[in-house]
Amino acid sequence: MEKHEINGPVHPSSSGSNGRTVRSPAHQPNFNSRAVQEALEHLASVDLSELFNEAKTECCRATRDLRRCGRYVKYVLNSCGHASLCAECCQRCDLCPICRIPLASGNNRLRLRLFDECIDAGLISRRYGDIFQNKEDRDDQMNADVQQLRVYLNGKTTDVTDICMDETAVSSDAITALLLDEKVVKDWVKRKGRPLPQLHDLHHLQESILKTKQHLEIIMWCIRHQFLEHVRSRHANFTSWHNLVRERKSAATARAWPDVVDRSADSTRQDGSLFIEDALANLDIKQACDQELGEESYFAFLLKDSASFSRSKIEGLIGCYPFESLQAAVDILFLRGSSDLVVAKQAIFVYYLFDRHWSRPEEEWRDIVDDFATSFGINRHSLLESFIFCLLDDHTDEALQESFQLLPEISGPTTHPKIARVLLERQNPEVAHMVLRWSGRDDGSQLVSLSEAVTVVWVKVECRHLTEAFTYQRMLCTKVREKNFKYGPSEDGQCRSWMDWTEILVSELCCLCIRRNLVDRIIELPWNSDEEKYIHKCLLDCATDDPSSANGSLLLVFYLQRYRYVEAYQVSLKLWTLEEDFISTHSVNEEFLEVLSRMESCRQRRKSLV
């Protein structure tokens, strides 16, 4: 069996007369190099308790189209020390997803985590890094954490003895105290075949303590405000509120534009979701990853409304909104989901408060929301963001107009990409365009997700900024192409190559122009050979579906404008065949005669052109 050492596995390369195994020279790092010296200094200076966090395999927590990115994280943020973003997402994010602290500016945002620093320096075999990055299920990930911790501890046996020499110098924190106890740590290292249950218990204990603390802090705030019993809700009762949320969902589904990016068979995403549904679904996803078994028994003594809590576990968090009471909201939010999502949970709670009161006179409730924000360090931007999400979920015109007053105050680089899409769906493309301009993501200068890019194209076409839409898709596809050539195709599950981006963006631009009768304007744009084949396909498909439309003839004009007469003639023949098939398969009636008249007019104009 291989032995995990700080500078890689030991292989029997040669044996002396005493039978001692000698390490192969190929595994020896260059101890004179700066990288090795810095990695060793970092390893020697890390407290044993900090190794617990360094050994955890972390996945990127950035949101991509309301889902977690999930890539393996090799770096920590210099601003706060959290390993929460992969290198790619760090370039497009401005805040740490865990603590919301702004990221450092310039190129000083990241530094390698200890494990990856040791790999780059040659102190740890690179194949272990590849193995740990590919762990997917929970048991494998836990084993990866344990294996990394073993590697550290094998290289820090001196530190273990030194740190644990004074057995009275233990922390008041249960986790730290357990890790700093010499006997526990040494026994843990010796029992290399059986560390998983103990590590799982440590994780679970720490998580339970943090969630209990967060829950009690919210409960104390609720007690101070008498659970808002003296503050009148804008809803007559729970049933009317519940019915109102169902109306909002129906309205959102009815007005939703199709999701052209994620159409995979296993996709659970639905068109027309509310902001609150996306937020609660994110907590549910994290909950499913954590698989906290026996949760009710751990928190039973804290539950006031155990029925609502149990129902949330059966039906999921999305089905629990609106919460039946303030107590139920606190229990469901802060005793479920991961403790590191406390900021997201607080944002949902603020949304709940706004939804409960906002149309009532402000003097009745505004000071309560402000006090909650002050008590838990929620800044004005985050407060208004939750309010805007609530207003945009509300399907009334009154709420929509109220959101227009607040959008300029929160719009910027961190603006949620779904805001522009909802404004577009609610037939306010000009406002959506302004939000995109304020966010700085509308000019193609920075990479965004494909769903965001489609929304930008839609908005620009709806605002009749066709040249801007054309330039935007061209710039963005060029950036994706350069990135593919440099790093290979993306593995974020959305698309696999720059050609996918080109196909989707050009097709969406053309299809929307067809619906808005703007084809005559886009055929004049300077499409390249990669783009024009999707223009050809969209226009020809439209002509096939409706031979009486002028879109097929405009495709012919597209080729004539470029002096490509052979292709124009081929299009003309194809259109003639489609029209003859249409005539032969339809019976003569008044409606057919009208269609035939339009078709004959197009044919005569096309014939004169040819």
Side-chain angles (χ1 to χ4, degrees), residues 98-101 172-174 206-238 240-242 245 275-276 279-280 283 295-296 298-312 317 320-391 406:
I98 295 178
C99 63
R100 312 296 290 178
I101 290 178
S172 59
D173 179 78
Q206 184 184 37
E207 181 71 5
S208 299
I209 291 173
L210 287 174
K211 287 206 290 191
T212 302
K213 179 176 179 291
Q214 293 166 1
H215 177 267
L216 291 177
E217 288 174 346
I218 303 293
I219 287 294
M220 289 172 63
W221 181 88
C222 292
I223 292 173
R224 191 164 71 247
H225 291 278
Q226 302 174 10
F227 284 88
L228 305 185
E229 293 177 357
H230 64 292
V231 183
R232 183 179 175 183
S233 170
R234 71 189 183 105
H235 306 284
N237 50 51
F238 171 75
S240 65
W241 192 353
H242 184 266
V245 172
F275 282 98
I276 188 64
L280 290 171
L283 295 186
E295 195 175 47
E296 295 91 337
Y298 280 102
F299 300 121
F301 69 98
L302 296 172
L303 296 174
K304 202 75 173 179
D305 187 354
S306 57
S308 296
F309 187 82
S310 299
R311 187 165 59 255
S312 73
L317 289 173
C320 292
Y321 194 86
F323 307 111
E324 293 191 19
S325 65
L326 193 70
Q327 176 75 55
V330 176
D331 291 347
I332 291 171
L333 288 176
F334 294 93
L335 292 181
R336 289 205 62 194
S338 173
S339 63
D340 62 10
L341 294 177
V342 63
V343 174
K345 295 176 181 182
Q346 290 171 352
I348 294 172
F349 191 77
V350 170
Y351 176 107
Y352 170 79
L353 293 178
F354 279 122
D355 196 11
R356 188 177 189 264
H357 301 292
W358 80 265
S359 61
R360 301 282 306 168
E362 283 201 356
E363 60 269 15
E364 294 183 7
W365 57 271
R366 190 71 201 208
D367 59 332
I368 293 175
V369 176
D370 290 341
D371 181 72
F372 183 85
T374 302
S375 301
F376 296 96
I378 302 173
N379 59 36
R380 178 172 173 78
H381 182 278
S382 299
L383 201 65
L384 291 181
E385 189 177 51
S386 293
F387 191 17
I388 287 174
F389 291 164
C390 178
L391 293 172
L406 301 174

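All values below come from the heavy atoms of this structure, side chains included, with hydrogens, waters and symmetry mates left out.
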| remark: For Ser386 and Ala347 the tightest heavy-atom approach is OG-O, 3.3 Å

| said: Tell me the closest heavy-atom pair linking Arg356 and Val231, and the distance in Å. | reply: NH1-O, 3.5 Å

| note | Sorted by chain and number, sequence neighbours left out, side chain to side chain contact (heavy atoms under 4.5 Å, CB included) with Leu406 holds for Leu384, Phe387, Ile388, Leu391

| request: Let me see the working for Ile98 and Val343 under side chain to side chain contact (heavy atoms under 4.5 Å, CB included), right down to the final yes or no. | output: CA-CA 7 Å; Ile98 295 178; Val343 174; over 6 Å; no

| field | Spatial distance of atom CD (Glu217) from atom NE2 (His215) [nearest 0.5 Å] | value | 11.5 Å

| message | Looking at every non-hydrogen atom in both residues, tell me the closest pair between Phe227 and Gln327 and how far apart they are. | response | CE2-OE1, 3.3 Å

| remark: When rounded to the nearest 0.5 Å, the distance separating CG of Leu333 from SG of Cys320 is 9.5 Å

| Are any side-chain N or O atoms of Ser325 and backbone N or O atoms of Ala328, one a donor and one an acceptor, separated by less than 3.5 Å? | yes

| message | Does Ser382 form a side-chain hydrogen bond (donor to acceptor under 3.5 Å, both in side chains) with Asn379? I'd like the steps, not just the answer. | response | CA-CA 6 Å; Ser382 299; Asn379 59 36; 3.0 Å; yes

| task | For the pair Lys345 (side chain) and Leu335 (backbone), establish whether a donor and an acceptor sit closer than 3.5 Å, ignoring hydrogens and angles. | result | no

| request: Identify, with sequence neighbours excluded, every residue that meets side chain to side chain contact (heavy atoms under 4.5 Å, CB included) alongside Ala373. | output: Ile378, Leu383

| task | Supply the atom-to-atom distance Glu207 CD to Asp340 CG, rounded to the nearest 0.5 angstrom. | result | 7.0 Å

| remark: Taken to the nearest 0.5 Å, the spacing of Arg360 CZ from Trp365 CH2 works out to 11.5 Å

| query | Looking at residues at least two apart in the chain, or sitting in another chain, which of them share a side-chain hydrogen bond (donor to acceptor under 3.5 Å, both in side chains) with Arg366? | reply | none

| said: Can you give me the closest heavy-atom contact between Thr212 and Ser208, atom names plus distance? | reply: OG1-O, 2.7 Å

| request: Tell me, please, which residues at least two apart from Tyr351 pass ring pair (Phe, Tyr, Trp, His ring centres under 6.0 Å). | output: Tyr321

| field | Pairwise distance CD1(Ile218) to NZ(Lys213) - rounded to 0.5 angstrom | value | 10.5 Å

| field | Partner residues of Ser359 under the side chain to side chain contact (heavy atoms under 4.5 Å, CB included) criterion, sequence neighbours left out | value | Arg234

| message | Quick test of your reading: applying ring pair (Phe, Tyr, Trp, His ring centres under 6.0 Å), list the pairs with at least one residue in residues 331-350, sequence neighbours left out, ordered by first then second residue. | response | Phe349-Phe372

| said: Restricting to non-hydrogen atoms, name the atom on Leu210 and the atom on Ser339 that form the minimum distance, rounded to 0.1 Å. | reply: CD1-OG, 3.6 Å

| What is the minimum heavy-atom distance between Ser375 and Arg224, and which atoms define it? | OG-NH2, 3.2 Å

| Which residues pass the salt bridge (Lys or Arg N to Asp or Glu O under 4.0 Å) test with Arg232, sequence neighbours left out? | none

| said: Rounded at 0.5 Å granularity, tell me how far CH2 in Trp221 sits from OG1 in Thr374. | reply: 11.0 Å

| message | Do Ile348 and Leu283 have side chains that approach each other closer than 4.5 Å (heavy atoms only, starting at C-beta)? | response | yes

| task | Quickly, which of Tyr352, Phe323, Trp241 forms a ring-ring contact (aromatic ring centres under 6.0 Å, His included) with His235? Name it, please. | result | Trp241

| remark: For Ser233, the side-chain hydrogen bond (donor to acceptor under 3.5 Å, both in side chains) test, sequence neighbours excluded, returns none

| Which pairs with one or both residues in residues 373-390 pass salt bridge (Lys or Arg N to Asp or Glu O under 4.0 Å), sequence neighbours excluded? | Arg380-Glu409

| said: According to side-chain hydrogen bond (donor to acceptor under 3.5 Å, both in side chains), who are the partners of Asp367, at least two apart in sequence or on a separate chain? | reply: none

| field | All ring pair (Phe, Tyr, Trp, His ring centres under 6.0 Å) counterparts of His381, not counting sequence neighbours | value | none

| query | Is the shortest heavy-atom distance from the side chain of Leu228 to the side chain of His357 under 4.5 Å? | reply | yes

| Would a 4.5 Å heavy-atom cut-off, applied to side chains only, mark Asp355 and Pro322 as touching? | no

